[in-house]
Structures are given as C-alpha cells and as structure tokens.
Colleague: 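This is the structure I want to talk about, given as structure tokens.
Proteins get letters first, then strands, A, B, ... in listed order; numbering begins at 1 in each. Quick note: numbers below take in every heavy atom, side chains included, and nothing from hydrogens, waters or symmetry partners.
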Protein chains: 2
Amino acid sequence: MTEFQRPRGTRDFGPEEMAKRRFVEARLRSTAELFGFGEVMTPMFEDTALFVERSGEGIVNEMYAFKDKGDRDISLRPELTAPVMRFYVNELQNRAKPVKVFYFGNVFRYERPQSGRYREFFQFGAELIGAPSMESDAEVIALALWSLESIGLKDTVVRIGNLDILKGLLGKIGVEGDDQAACRRLIDKADFEALGRTLDGLGVAKAEQERLMSIIGLKGGAEALDKARELAGSDISGMDYLGGILERLAVYGFKNCTVDFSVARGLDYYTGMVFEIDAPCLGAEKQICGGGAYSLAELFGGEPVNSTGYAFGFDRIMLAMESSGIQIPIPGLQAYIIPIGEKARAEALDILRTLRSAGIQSDMDLMGRNISKALAYANSAGAEKAIIIGEKEIAEASVTVRDMKSGEQSKYPISDLLRGFLKGVI
Amino acid sequence: MTEFQRPRGTRDFGPEEMAKRRFVEARLRSTAELFGFGEVMTPMFEDTALFVERSGEGIVNEMYAFKDKGDRDISLRPELTAPVMRFYVNELQNRAKPVKVFYFGNVFRYERPQSGRYREFFQFGAELIGAPSMESDAEVIALALWSLESIGLKDTVVRIGNLDILKGLLGKIGVEGDDQAACRRLIDKADFEALGRTLDGLGVAKAEQERLMSIIGLKGGAEALDKARELAGSDISGMDYLGGILERLAVYGFKNCTVDFSVARGLDYYTGMVFEIDAPCLGAEKQICGGGAYSLAELFGGEPVNSTGYAFGFDRIMLAMESSGIQIPIPGLQAYIIPIGEKARAEALDILRTLRSAGIQSDMDLMGRNISKALAYANSAGAEKAIIIGEKEIAEASVTVRDMKSGEQSKYPISDLLRGFLKGVI
C-alpha cells in the first residue's frame, strides 16, 4: 500500500510527450538511413572496465556501477561510443569499410539531478568507422546538420576545430605530453584563467600565451581560418584540412559552418577534427551535439581503425525544439464512436472494426456512458469526430457525425461512412 | 588492450537485424495507435520493492537488484506492468477513463542463459485501465490479435480462460484460500501430477478431481464452452462472460478463438479473464503473449481500478516470424556513387547531395578506391545502383549507371539522373 515514486533523476513519459519524441526519433533515424548508416543496438550494461578503458578511472564515480550475482563488475552504460566500438571489434571488424552505424538509446549518469540534467537520458549518435579522410569527417558533420534540418531546428551553430592545430600550437611553445593534455582539457572547459596559470607555471612567455589565446578566441568562417593561419605561422598543420572540410560542407549545402580552435573535447582518444553544435536558445546548457575523429578500437583489443562520430543529446534537442516553438504533429483519434443503448453496441463495434480495417484511428465508448459524458471523453481524447449511434439511427441505418471542433452535426448512412472518411469529406 | 565481450545473456544487434526489429516494432506501434492506445515510457530501473509488491519476494532472486550510491535498493525492471501502473498511480489517475496505454522496452531477468532466453529481452505490451467490462476485455484481446495480423503472423492460437470459473470449480470441491492459490499455480504450470497429489492431500474425492481435470482439459470454441457448462453445472459463474467475449471477438473478425480453462496465469493480481497466445511453430517455448484482467493500482497506493493488459515477448515474435518464413523488407541503399579520379569527387558529392535531398538513400565512396573494389563495396552494402563518374563522364556531363543485380550499364546525363530515380526508370 506504499505509494511508490520513480527513482530520483529519472522520468516517466506520457502519451503526448512520447508521440513527440518518437516523431523526432523517426526523423533522425530516416536521415541516418538516407546517408547509408545502419542502426545497431547494444546491451543496457557492460563490463565496468570497458568504460574505464575509454574514459579513465574517474568515470566509475559517475556511473551506476554494481556487481551482478556472478560477482562481475558491470555498469549501466554512461555513453554509447564504447559499447558500439566493442561490438565493432567483436563482430563487425571484418565487414567492408567504411562501417557506417547509428544508435539511439538511453544512457545513465549517477550525478546530482538538476534542471535539464537527468540520471537517465537519451543519446542519438552515429559512427563512421574505417574511412580516415577529410571527406568522411565532412560526411559525419553533414549528417549531424542534415538531421537537425530534418526536425526543423534552425539557428544552430556548428563549431569545428582540429586537435592537430591545438597540439601544434601548444607544442610550438614547448607544452608537450601530460602538460599538453592538461592544457587541452582546460581549453575544453573554457577555463582560461586556469590555463593561464598552468602556462605561467610551465614558463611560457606572456606574449606566446596571448598569441595562443587570440587564436583560440577566433570564431568564424574562412576569414577566421585565414586570420589563424597568419597568427599561427605556416608550420602549424591542420589548417588546410579544416579548410577542406568547410569547402565540402558548403557542397552539402551547409555554408555557415564556423571554425573554433578552442573545441578540444575532453578525452584522449580524439585524433584530429572535433566539432560541437549549439542551440543558442537553450542558454547556458546550449550544447546539443559533440563529436570528432577518434581511434578507440585498439583499446578494446581490436585493430586500430580511424573513426569519426558524434552523439546528440536527444533530450536537449527536444528542449531546443520546444523553446524554438516548433510544432510537432501528434496524430490523434479520428473517430470516437458513441453507442446509445444496448442494441447499438454491436452495431458500433462493427463500425469500429470497419474504420480500423481502413487504417482510421478510432475508438468507442467502453463504459456505457450517456451521450454528454461520452462526448466529454471524446473531447479529452482529442477525437476529431464523434459518431453517435442510437436506436433511431439504427432504424434508419445511419449515424450522427459530430465535428468535435465546430460542434456541427450531420447524419450519414452507415454504408457511406467509411467512404466519407477516406475521401476526407467527413 | 583487453578484448571485451558483451555481458553474458545479452545481445548486440547489427544493422540487418535492427532494421527487421524496427519494422515489426513500427507495425505493432501503429496498430496500438489505430486502437486509440498511446505510448508511455518509464525508467530502466525502479525501487526493488515495487516489483516485490507485484510479484512476491521470490522475484528478487531473478532480478538485477543492486544498491545505488545513495544506498537505495533498485532493480532493473523485470517486466513493465508494475512500472506502468506506478506511473498511472503517480500521474495518470485523474485522466478520463479508460486510460489506454502501450509500451515497448527492454526488461531484465537474472537467470541462466539458455537457447532463446536472454537476460535482457524485449516486451511490447498494452494496458487498458479503468473500463471493467466484457467489451474492454475483448478490445484488449482484439488488439493483440490484430497486432499479430499486422506483422503477418498467422497460425497463432489464442486461448482464453476465466479465473472466476477456475475459482468456482475449486471452491465447489472445497479448495479455498492459499490452497486454491497453490492449485491455480500448478494449473498454470500444467503440472497436473502435482495438482493431483495436492488435491489428494486435501481429501478431494477422485471423481471430483476427474471432473475438474476434464473441464480443465477442454479446449475449443463455443462447443467446448457448452461442454464445460454441462460438466461444471449451472452454479459456476463466468461461462456467459467468456461466451460474450468470444461473440465480440467474432465481430472484430476473430472467429477462431478458443477457450481454455487451464489458463491460470501465475500471479495473484489477476481478477477474471486471462489469455495466452501461442505460436506453435516455436515448439516448446511457444507462448508469445500473456495477459488478462487485473487489479494492481491499490498495491502501489492508488485507487483500485480494474484493468486489462498483456505483454508480447518481442524476441519470440521475431523468432516466430523467422521460422514462419515471413520476409521483412529491409530498405537498402538505392545509389552508391563511385568517383574515379580526384576531379570527379566534387561532382560526385554534388550528385550525392541532390539525390539525398530528394529522399533517395545514397552513399559515395569515401576511400578513393578503384572501380572494382568500389563495386565490391556497393555490392556488399546491398546498393541497387552504382553511379560511376570519371573524367570522361564529367566532360560529357553524364554518369554511368550500373544495375548491381543484372550488371547492365547505361549512360545518363547528370541533369536527368534525379528525374530517372524519381520516376523509377533508373
């Protein structure tokens, strides 16, 4: 007799919200398929060590990590790139390259729940495995942008960086190895104060620091790239690569992509191009997508293989669509049948079967309610038409059709009802 | 550098299998929507006590039960009726009745993995909450049967029972309370030997036992019901109810439903009508659906409400479709573009964009492969057409289109390519 609550940081989704989420999911899926990506699905949990291998020991504190009854350390998945690459190493390695896959699923982080952050949330992502080229990097970014277009989400900002450039800039001022990794993580967090202190500690001259900061601060199209070339000097590689990606994205129809040298992604397995997409309408938590080129299979015992991928924060995409006022169509009941009196119920059921057989979403009163209560239900269920059938109607082999919006009523012969629906005149 | 394996008893699904599963899921979803059911989704885990409340203490040994970092007892969900009813009690109770919901999701059982049984598996189910009537029981069974029709699964057997009848029969021979519950569980397991021993122990006369067994053994349509009426006597209620359900199912178009008085369902919260559906092609593990009328909300602190629901074993449905030879269409690449030489690559990307913009699933070589290797890839990717573009073609503003099945090749002006695809002549 306890009242149970759902676990903290999780959500239940009702019918209206689920209809919207499934609509968006279907659009993202068909766009991925349009690009020749195929869906994969992996288990809800994996060996804890798999995630540690990808993300470092710290991840254990953020996961639902537990021992199963066989004393194995398992964790609810906190992200899907590691499981997908584990699957790739186990079973997809021998397929012709590139292997193009996408996924949609829930992931879990054990962190303090706060506004817009949940312990169970959803990611939609794609991985292009085994085609190490500028073209495949562009293909992956193009898929992300095309996907957002397919759901009507405009005014997003894609920022593309290149770790080769960041590594080159840091190397040029003598910052290498672990120090360089630490600096990249600070840049990823946009913690420029701490970055300054670290560079001071490493003895990097102020003028060098300023030059680095001004390159990192550049954001824009081809002109930002030109400016960066000028500031960085011709010995920094990766500028042409970034330029090539921008050119290709323009052929895909995406002409407003920006470069951003501060995009660093936090994890060590990223190898070159990195990118993030923001939906500025979301304010502080505006990032809806992150990805880049990486090399991960070898950590899981596979042959090294260059890959490019990304993940959308599906819940943030839903929020961004809502805050942009994008209307998602929710298909509702087309007909709600109201039999009046016992004799009408068999006839009503027959009409119900006929309408459903033709693919018309319909339902009937199962409660034996009177007409006004049944109409109230039809209204709350969002039905377009109520179909009323009583003894008088049965005698005339007709029904009364009520438009639930206008309240207009008219009679139809039962034999014409289905045709009326199919022709859209009812 | 470890090679990781997926956890025991779980599965990875590759692109071909996922395409099939999504196809079936979509059909089941649209059928539920056709019937006016709306989708809900609940978290992957719940308070362990929620499942114990529904299924008894024994369930703990079969669950992935663990403590989270806040020392709360949580469990990966072993089924979805309890979470859905928990959600109903928390948030949907005040909606107009009936509340018609469906769900699709993975569930978890910690049991020894064996052929066709997994630790993570999938259920698709529906619950009609708050309409306690013969008509709503029939509506729910009809949805299950209509769903199976929608995926082409014929030759299934639906067996419908009624716990009122079983309770009446057992009560009539003096078996009540816990003894009755124990007997119902043995009937549910079809363990008639143990049932006989138990009835012996309770001092039930052999003749009474035989009469019970012969009623339980009856299976068939209206004629089996008549026979049962004759054997059981007129004081056993529930026969007319079962007959009414059969009549209504016939109006829905399902004329071959059978009654089976041995359908008992294992759990105490079932209240009246119960049913199971088998796919005989699956052999010993043939049950693909189970459900019935139940009362569960009050166990979770809600107002008592009569409900009827069922769950499909989604994985068994997939197996049944496969073993019935049902072909599920897997949409593949319509076009694979092969640029020969650097100059052709920009042109190829432009064609790719054009085709995709028109919704044509297409891809292009990202590896710079020669033509025979690229054709081999197109073949392994299941592409319908290869579109080859080299310097000669560029000079002529044309492409070579190769039918991947027949091997036939012909030239098309680039300007006619899209139209050719849209008209279906390419």
Colleague: Pick whichever of A:Gly36, A:Gly38, A:Ala19, A:Pro43 has the most heavy-atom pairs under 4.5 Å with chain B.
Modeller: A:Pro43
Colleague: So B:Asp47 and A:Gln5, side-chain hydrogen bond (donor to acceptor under 3.5 Å, both in side chains) or not? Walk me through it.
Modeller: CA-CA 8 Å; B:Asp47 279 1; A:Gln5 299 299 327; over 6 Å; no
Colleague: Looking at A:Asp363 and B:Lys100, is there a salt bridge between them, counting it only when a charged N and a carboxylate O are closer than 4.0 Å?
Modeller: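 Salt bridge present between B:Lys100 and A:Asp363.
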Colleague: Could you check whether any side-chain heavy atom of A:Met367 comes within less than 4.5 Å of a side-chain heavy atom of B:Pro98, counting everything from C-beta outward?
Modeller: yes
Colleague: For the residue pair A:Arg356 and B:Phe35, establish whether any side-chain heavy-atom pair is separated by less than 4.5 Å.
Modeller: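 Counting from C-beta outward, A:Arg356 and B:Phe35 do come under 4.5 Å.
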Colleague: Under a 4.0 Å N-O cut-off, is there an ion pair linking A:Glu25 with B:Arg29?
Modeller: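 The answer is no: the pair does not qualify as a salt bridge.
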Colleague: Go through the atoms of B:Gln334 and report whether side chain, backbone, both or neither lie under 4.5 Å from a heavy atom of chain A.
Modeller: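 Answer is neither: B:Gln334 stays 4.5 Å or more from chain A.
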Colleague: Between A:Glu16, A:Arg119, A:Lys67, which has the largest tally of heavy atom pairs under 4.5 Å with chain B?
Modeller: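 Highest number of pairs under 4.5 Å: A:Glu16.
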Colleague: Are the side chains of A:Tyr64 and B:Met44 in touch, meaning some heavy atoms are under 4.5 Å apart?
Modeller: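 Side-chain contact under 4.5 Å: no.
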Colleague: In terms of heavy-atom proximity below 4.5 Å to chain B, should A:Ala142 be classed as side chain, backbone, both, or neither?
Modeller: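 No part of it gets close to chain B.
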Colleague: Heavy atoms under 4.5 Å from chain A: which residues of residues 373-384 of chain B carry them?
Modeller: B:Tyr377, B:Ser380
Colleague: How far apart are the closest heavy atoms of B:Lys69 and A:Ala65, and which atoms are they?
Modeller: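 Heavy atoms only, the tightest pair is NZ-N, 4.4 Å.
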Colleague: Below 4.5 Å, heavy-atom pairs only: which of A:Phe108, A:Tyr336, A:Phe37 has the largest tally toward chain B?
Modeller: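 If we count pairs closer than 4.5 Å to chain B, A:Phe108 comes out on top.
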Colleague: For A:Glu17, is it the side chain, the backbone, both or neither that has a heavy atom under 4.5 Å from a heavy atom of chain B?
Modeller: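 Answer is neither: A:Glu17 stays 4.5 Å or more from chain B.
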Colleague: What are the two closest non-hydrogen atoms of B:Phe87 and A:Phe13, and how far apart are they?
Modeller: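 The pair with the smallest heavy-atom distance is CE2-O, 3.5 Å.
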Colleague: Given the options A:Lys97, A:Arg345, A:Glu33, which has more heavy-atom pairs under 4.5 Å with chain B than any of the others?
Modeller: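 Answer, by heavy-atom pair count under 4.5 Å with chain B: A:Lys97.
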Colleague: In terms of heavy-atom pairs under 4.5 Å, which option from A:Arg72, A:Arg21, A:Arg95, A:Glu91 contacts chain B the most?
Modeller: A:Arg95
Colleague: Could you look at A:Ser30 and say if it's the side chain, the backbone, both or neither that has a heavy atom under 4.5 Å from chain B?
Modeller: neither
Colleague: Using heavy-atom distances under 4.5 Å, tell me whether A:Ser133 contacts chain B through its side chain, its backbone, both, or neither.
Modeller: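 When you check distances to chain B, only side chain atoms of A:Ser133 fall under 4.5 Å.
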Colleague: Top residue by heavy-atom pair count (under 4.5 Å) with chain A, among B:Glu247, B:Arg8, B:Arg369, B:Met134?
Modeller: B:Arg369
Colleague: Is it the backbone or the side chain of A:Asn106 that comes under 4.5 Å from a heavy atom of chain B, or both, or neither?
Modeller: side chain
Colleague: Would you mind checking if B:Glu120 and A:Arg77 are paired as a salt bridge, meaning a charged N to carboxylate O distance below 4.0 Å?
Modeller: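 Looking at B:Glu120 together with A:Arg77, the answer is no, because their closest N to O distance does not fall below 4.0 Å.
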Colleague: Flag the pair A:Glu3 / B:Asn90 as yes when at least one side-chain heavy-atom distance between them is below 4.5 Å, and no otherwise.
Modeller: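 Yes, side chains in contact.
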Colleague: Side-chain contact test, heavy atoms from C-beta onward, threshold under 4.5 Å: evaluate it for A:Leu352 versus B:Val251 and give yes or no.
Modeller: no
Colleague: Between A:Ala131 and chain B, which part of the residue has a heavy atom less than 4.5 Å away: side chain, backbone, both or neither?
Modeller: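 It is both, since atoms from each part get that close.
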Colleague: If you count heavy-atom pairs within less than 4.5 Å of chain B, which of A:Leu92, A:Asn61, A:Thr31 leads?
Modeller: A:Asn61
Colleague: Return the option, out of B:Arg6, B:Glu39, B:Met18, with the maximum number of heavy-atom pairs under 4.5 Å with chain A.
Modeller: B:Glu39
Colleague: Ignoring hydrogens, what is the shortest heavy-atom contact between A:Phe104 and B:Arg22? Give both atom names and the distance.
Modeller: O-NH2, 4.4 Å
Colleague: Please list, chain by chain and in numerical order, all residues satisfying salt bridge (charged side-chain N to carboxylate O under 4.0 Å, His left out) with B:Arg248, sequence neighbours excluded.
Modeller: none
Colleague: Report which part of A:Leu76 has an atom under 4.5 Å of a heavy atom belonging to chain B: side chain, backbone, both, or neither.
Modeller: side chain
Colleague: Answer whether the closest heavy-atom distance between the side chains of B:Glu135 and A:Met364 falls below 4.5 Å.
Modeller: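 SC-SC contact between B:Glu135 and A:Met364 confirmed.
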Colleague: Heavy-atom cut-off 4.5 Å, strictly under: side chain, backbone, both or neither for A:Leu50 against chain B?
Modeller: both
Colleague: So, do A:Trp146 and B:Arg353 sit near enough that their side-chain heavy atoms are less than 4.5 Å apart?
Modeller: yes
Colleague: So which part of A:Met63 gets closer than 4.5 Å to some heavy atom of chain B, the side chain, the backbone, both or neither?
Modeller: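 A:Met63 touches chain B through backbone heavy atoms alone.
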Colleague: Of all residues at least two apart in sequence or in a different chain, which pass the side-chain hydrogen bond (donor to acceptor under 3.5 Å, both in side chains) check with B:Tyr252?
Modeller: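 Counting only residues at least two positions away or on another chain, B:Tyr252 forms a side-chain hydrogen bond (donor to acceptor under 3.5 Å, both in side chains) with B:Glu139.
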Colleague: Find the one option among B:Asp68, B:Thr354, B:Ile74 whose heavy-atom pairs under 4.5 Å with chain A are most numerous.
Modeller: B:Asp68
Colleague: Holding to salt bridge (charged side-chain N to carboxylate O under 4.0 Å, His left out), I want the full list of residues that pass it with A:Arg86, two or more places apart in sequence or in another chain.
Modeller: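 In terms of salt bridge (charged side-chain N to carboxylate O under 4.0 Å, His left out), with neighbours along the sequence ignored, A:Arg86 is linked to A:Glu46, B:Asp12.
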Colleague: How close do A:Ser136 and B:Leu366 get, heavy atom to heavy atom, and via which atoms?
Modeller: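 Result for this residue pair: CB-CD1, 3.9 Å.
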Colleague: Do A:Phe4 and B:Val89 make a side-chain contact, defined as non-hydrogen atoms from C-beta onward lying under 4.5 Å apart?
Modeller: no
Colleague: Where does B:Leu355 contact chain A at under 4.5 Å (heavy atoms): side chain, backbone, both or neither?
Modeller: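 Neither part.
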Colleague: For A:Pro15 versus B:Val40, what's the shortest heavy-atom pair and its separation?
Modeller: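 Minimum heavy-atom separation between A:Pro15 and B:Val40: CD-CG1, 3.8 Å.
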Colleague: With only heavy atoms counted, which part of A:Leu349 is less than 4.5 Å from chain B, the side chain, the backbone, both or neither?
Modeller: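 The answer is both parts of A:Leu349.
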